[in-house]
**Student:** 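Let me give you the structure first, and then I'll get to my questions.
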Amino acid sequence: MTPTDELLFRLADDEYVIAERYTEWQIYAPTIESDLALANIAQDEFGHARLWYDLLEERGYEEKNLLWERAPEDFRHSTLCELAFEEGDWADPVVRSYLYDTAERLRLEALVDSSEPAIASRVGKVLSEEGYHREHAQSWLERLSEGESRERVQAALDRLFPHALSLFEPGENEREIVSEGLRTESLFDLREEWFEITIPYLESLGLSVPEPEEVERPEVRGRDGSHTADWFDLHESFTSTYHELGFDQPTRLRGEGA
Amino acid sequence: MSSERPSPTACAYTDYVSGEGHEEFPKTGEDATGIERRVWDALSAVEDPEMPISVVDLGLIYGVRIGEIDGKTNAVVTMTLTYTGCPARSMLKGDIREAAATAEGIDSAEVSLVWSPEWTLEMVSEAGKEDLREFGLSI
């Protein structure tokens, strides 16, 4: 895989998988507004996934091999995106979105001046649609961190933080991605910046953030194709209808080539 | 009466930002002539699926290029969408391609989707803003 393709798969798979998980909250979120907000955030992330997968198609991949017929171990998303939610645990999507969207902004900002024009020309639009995701997560985090629900937030943070570190797990082409200017910052530096933003903020809410160096990391990292069991279940579930219907090609209600 | 700030409500997000404009936009094809003119006119007949405004006045069309492929006249329409997650994406691209292909003198048409410069409300033409106001939107 080329460095550009690796970068694009990480972007697209993260967005696709986290959106797929968010949709599970539809009709179950605690208020009608939060239900609509999370559904809308999911739609944004699907849109962004689409935009990066489009670019992979332009680079020679086919839609069916990008999603429907790609083996689950070929997906390169962070394990943070794939974890199943515990029933009714609203603190989880709130914490997850905060950790993820803060990392995403840093990552996108490091792509604004990408040496690959096709990437640079898409970043602005994506960034402009991201700000509200963080606002939504922070507004909920601040409310949930007051009173007895703080324990739930803390539990979600303890569970998700080790997986969030895999957002910054380098892939095999990390060195080239930086030296070729595809991304203008290394994952190591992005992770440092993410610590500088997330740790003081979470602590200001009265939460205790695991010490990054002392965190027991899950064996699976996502970026190398190793994933939790939750991912294999999710993959099975979102590809099952496609396989049941047995089309030769992914079908569309109204094809773009029509 | 209490002067305390109201506690946060479930719906805290009400801000609506119009975004920045771009010097060369919106593109409306006003200086186009001949075949290119006819393509712009055909595109002006395509409406947004949610609002009574043409895709040209909405500012989605970034350019029309006429070329020849094997002796046939081909139109390439460069366009954007208001939103990356636009659910009408396939429909709009299809409608725009078909409209361009029906313009007199055109044998085939293609659509190229781009995301830069970013679409914002500033991309809507003056005529489009009128259409949207009449529809009941505050713009």
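Here is the naming used below: chain letters follow the sequence lines, and residue numbers restart at 1 for every chain. In what follows, every heavy atom counts, from backbone to side chain, and hydrogens, waters and symmetry copies are set aside.
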**Student:** Looking at A:A118, A:G47, A:S128, which makes the most heavy-atom pairs under 4.5 Å with chain B?
**Tutor:**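 Ranked by heavy-atom pairs under 4.5 Å with chain B, first place is A:G47.
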**Student:** Do B:T84 and A:E129 have side chains that get closer than 4.5 Å, going by heavy atoms?
**Tutor:**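 Side-chain contact under 4.5 Å: yes.
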**Student:** Minimum heavy-atom separation for A:N40 and B:Y83, please, with both atom names.
**Tutor:**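 Scanning both residues, the minimum pair turns out to be O-OH, 3.8 Å.
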**Student:** Counting only heavy atoms not in B:R65, do more than 12 fall under 6.0 Å of its CZ?
**Tutor:**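 Counting other residues, nucleotides and ligands, CZ of B:R65 stays at 12 neighbours or fewer.
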**Student:** Which atom pair, heavy atoms only, marks the closest approach of B:S116 to A:S121?
**Tutor:**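 The answer is CB-O, 3.2 Å.
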**Student:** Please name the pair of heavy atoms, one in A:Q43 and one in B:P87, separated by the smallest distance, quoted to 0.1 Å.
**Tutor:**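 Smallest interatomic distance, heavy atoms only, reads NE2-CD, 3.6 Å.
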**Student:** Measure distances from B:L92 to the heavy atoms of chain A and classify the residue's part below 4.5 Å as side chain, backbone, both or neither.
**Tutor:**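 Contact with chain A involves no heavy atom of B:L92 at all.
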**Student:** Flag yes if more than 12 heavy atoms outside B:E50 fall under 6.0 Å of its CD atom; otherwise flag no.
**Tutor:**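 No, the 6.0 Å shell around CD holds no more than 12 heavy atoms from other groups.
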**Student:** With sequence neighbours excluded, tell me which residues meet salt bridge (charged side-chain N to carboxylate O under 4.0 Å, His left out) with A:R96.
**Tutor:**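 Once residues adjacent in sequence are excluded, the partners of A:R96 under the salt bridge (charged side-chain N to carboxylate O under 4.0 Å, His left out) criterion are A:D92.
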**Student:** Please round to the nearest 0.5 Å and tell me the distance separating atom OG of B:S112 and atom CD of A:E58.
**Tutor:**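 Atom-to-atom, B:S112:OG and A:E58:CD are 7.5 Å apart.
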**Student:** Around atom CZ of A:R152, are there more than 12 heavy atoms from other residues, nucleotides or ligands closer than 6.0 Å?
**Tutor:**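 Atom CZ in A:R152 is not packed in, count stays at 12 or less.
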**Student:** Please check if the side chain of A:K125 supplies one atom and the backbone of B:P117 the other of a donor-acceptor pair under 3.5 Å.
**Tutor:**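 No, because the side chain of A:K125 does not come within donor-acceptor range (under 3.5 Å) of the backbone of B:P117.
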**Student:** If you draw a 6.0 Å radius around CD in A:E203, do more than 12 non-hydrogen atoms from other residues or ligands fall strictly inside?
**Tutor:**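 Above 12, so yes.
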**Student:** Return the CG to CD distance between A:L127 and B:E118, rounded to the nearest 0.5 Å.
**Tutor:**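 Here the rounded value is 8.0 Å.
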